Amino acid sequence: MTKAVTLDVGEMLRGRAAGLQITTSNAGPGGSSNIQVRGTNSISGGTDPIVVVDGVVVGSINDVNPNDIASVEVLKDAAAQAIYGARAANGVLLITTKRGTTGAVQVNYQGYYGIQNVKRNFDVYSPEEFIQYKREAYRTTNNNQYGDDTEVFSQLELESIRNGEFIDWQKELMRTGTIQNHDLSITAGTEKTKVFVSTNFKRQTGVVPSTDFTKGQLRFNLDQEITSWFKVGLNTSLSISTTNDPGVTGLLRDAVTCSPLGSIYDSEGNLNLHPTGLQENWNPLVDLYEKTAVQKNRNDLVNIFFDFAIYKGLNFRVNASRRSWNYQGETYNTANSKSGSYTGMGNGNIKNQNENEWTVDNILSYDNQFGKNHISGTLIQSFTERNQHTNMMAGSLIPNDLLGIYGIESAEKVIPTLSASQRRLISTALRVQYDYASKYYLTVSGRRDGSSVFGAENKWVFSLLWH
């Protein structure tokens with residue numbers, strides 16, 4: 001899976017699992033894919049499957065370093081919903097990370113560095129074709145009569161035609177990008193203690209200037225056998241990333257639709273806001289260099305579990321985890337940007353979002369064979385609480401650009417936004433499986449969920465499945 005030269009785990013899974021539909025949602029640095037297990041089954045709701053890593057639900061599949069993944073399992077039948085409830089309506093991706101192994105210490109490094117280019121540019125009119133196209137467009141609005149070029153073109157466009165100097169917007173807006181990924185892991189263990197440690201660094205500079213993505217990840221997995229009937233485990237991970245993207249989607253559209261006539265820069269070497277001299281034609285390079293948009297993400301997960309071997313075939317596990325996510329976004333448009341040109345002053349916003357989730361699972365499992373009869377069962381009791389806090393400050397009419405977004409306190413107009421939410425979920429699930437001589441099978445599953453987001457009169461939901 002890691003042989004694919006991409007930083008997106010979803011893209012690595014493309015074509016590797018039946019029924020898994022993966023489409024690119026953002027091809028820029030740090031972009032992710034849309035993953036669908038059961039297709040599009042909602043008009044306004046989300047269709048993404050939940051991602052479970054070592055028994056803990058995480059926010060995104062890219063929270064996991066692909067080099068840490070030991071296996072990926074896709075659940076898309078009714079059994080997934082019986083185990084994980086309504087959250088699994090869009091399917092489940094079960095990810096198991098690597099563990100320590102008994103034996104000598106093993107140190108592994110895997111990395112690469114490469115370059116990226118746009119394979120084929122968009123087909124657009126040549127400057128000569130565009131000039132003639134504009135003359136024809138004028139004729140259709142002038143009683144089928146061609147007009148003089150001074151009536152058809154602006155002064156900047158006429159200078160461009162006379163000098164034979166035209167603009168190749170795709171060349172101006174694209175460059176050679178780079179991509180690198182470095183992964184270092186250490187595996188060690190004895191009969192009772194096993195450790196897996198890994199660290200990862202990745203960086204990608206986009207084919208569009210001013211776009212880049214940097215991410216660092218760290219993982220520590222520990223398995224410790226205390227006695228023959230008691231084991232303890234620890235799974236921890238940390239991920240920090242920074243993305244710079246002033247808005248590539250609109251820029252690439254402008255690269256195709258902008259006129260090749262005119263001048264990118266004025267006589268003083270500054271960017272022309274309107275390269276053709278016409279108000280309706282904006283210079284796509286303006287927002288590329290006069291706008292900054294930085295997104296910083298931090299994800300951390302701590303999961304500790306206790307395994308008790310109560311009796312032959314009967315086991316009990318306590319699984320406790322805490323996951324937190326922090327997002328910080330900063331966007332600033334200078335006075336020379338497109339939006340700043342309307343007022344002659346800068347504007348921007350700062351957004352902070354914090355989310356933490358606590359989960360405690362009590363899992364009782366039984367598995368035994370009686371002659372040709374095989375029976376297994378799992379009883380789960382789970383509690384989850386998620387808290388989210390968001391605050392944002394938007395400012396406009398910032399008098400100067402010296403401090404960038406940090407000059408927002410001097411803005412003439414400031415709009416603060418605050419929000420918070422809390423969700424709680426209590427679940428109980430039971431699944432019993434029976435088979436006779438490995439020929440005849442019966443599975444019965446039941447689940448009961450109570451959630452704080454359910455209606456006051458319907459706080460609990462019960463489901464029962466068998467096959």
Side-chain angles (χ1 to χ4, degrees), residues 28 117-177 205-211 244-293 332-347 398 400-402 404:
N117 290 292
V118 177
K119 186 176 181 180
R120 183 181 66 86
N121 285 355
F122 297 99
D123 293 326
V124 296
Y125 288 119
S126 67
E128 294 75 15
E129 291 172 333
F130 187 86
I131 293 170
Q132 189 57 35
Y133 172 79
K134 196 165 184 179
R135 287 168 177 159
E136 290 293 336
Y138 182 85
R139 177 183 62 80
T140 61
T141 60
N142 191 41
N143 295 321
N144 207 32
Q145 298 294 319
Y146 289 103
D148 188 77
D149 278 356
T150 56
E151 299 175 346
V152 180
F153 302 97
S154 68
Q155 186 60 37
L156 286 175
E157 289 178 318
L158 288 173
E159 291 179 8
S160 179
I161 295 173
R162 282 196 296 267
N163 298 331
E165 297 177 352
F166 307 111
I167 305 172
D168 185 345
W169 286 111
Q170 296 186 65
K171 183 179 180 180
E172 296 291 337
L173 284 169
M174 294 183 185
R175 65 179 180 183
T176 297
T205 59
V207 294
V208 176
S210 299
T211 62
N244 289 284
D245 184 359
V248 172
T249 303
L251 294 174
L252 294 180
R253 180 194 61 232
D254 292 341
V256 178
T257 59
C258 280
S259 167
L261 308 179
S263 176
I264 298 177
Y265 303 95
D266 60 22
S267 58
E268 297 180 356
N270 300 315
L271 287 170
N272 266 332
L273 197 60
H274 306 286
T276 64
L278 303 174
Q279 294 295 317
E280 64 269 21
N281 296 132
W282 293 88
N283 189 337
L285 293 177
V286 168
D287 275 352
L288 196 61
Y289 296 108
E290 299 295 337
K291 175 182 177 180
T292 57
Y332 185 72
N333 301 280
T334 71
N336 296 322
S337 65
K338 184 176 179 180
S339 64
S341 67
Y342 296 111
T343 61
M345 295 185 180
N347 63 82
I398 300 175
N400 63 70
D401 300 322
L402 294 177

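Computed from a prediction, not measured in an experiment: that's the story for all the values here.
- Taking the side chain as every heavy atom from C-beta outward, P246 and T211 approach each other to under 4.5 Å.
- Legend: residues meeting side chain to side chain contact (heavy atoms under 4.5 Å, CB included) with N144, ordered by chain and number and at least two apart, are R139.
- Although no hydrogens or angles enter the test, the distance criterion places no donor-acceptor pair under 3.5 Å between the side chain of D401 and the main chain of G404.
- Evaluation of the side chain to side chain contact (heavy atoms under 4.5 Å, CB included) rule for Q145 yields N142 as partners, not counting sequence neighbours.
- Between Y332 and I398, some side-chain heavy-atom pair lies under the 4.5 Å cut-off.
- Qualifying side chain to side chain donor-acceptor pair (under 3.5 Å) partners for T276, counting only residues two or more places apart in sequence or in other chains: N281.
- With sequence neighbours excluded, the residues that form a side chain to side chain contact (heavy atoms under 4.5 Å, CB included) with Y125 are E129, F130, Y133.
- Two residues are said to be in side-chain contact when any heavy atoms from C-beta on lie closer than 4.5 Å; Y265 and L271 meet this criterion.
- In this model, no donor atom of one side chain and acceptor atom of the other lie less than 3.5 Å apart for D287 and S337.
- Under the rule for a side chain to side chain contact (heavy atoms under 4.5 Å, CB included), the partners of L273 that lie at least two apart in sequence or sit in another chain are W282, V286, S341.
- Side-chain polar atoms of N336 and Y289 form no donor-acceptor pair below 3.5 angstrom.
- Looking at N400, its side chain does come within 3.5 Å of a backbone N or O of L402 through a donor-acceptor pair.
- The CD atom of Q155 sits 10.5 Å away from atom CD of E157, with the distance rounded to the nearest 0.5 Å.
- To the nearest 0.5 angstrom, E172 atom CD is 3.5 Å from I264 atom CD1.
- Listed by chain and residue number, D212 satisfy the side chain to side chain donor-acceptor pair (under 3.5 Å) test with N244 (two or more places apart in sequence, or in another chain).
- For the pair L278 and S154, the tightest heavy-atom approach, listed with the atom from each and the gap, is CD2-CB, 4.1 Å.
- The closest side-chain heavy-atom distance from V124 to Q170 is below 4.5 Å.
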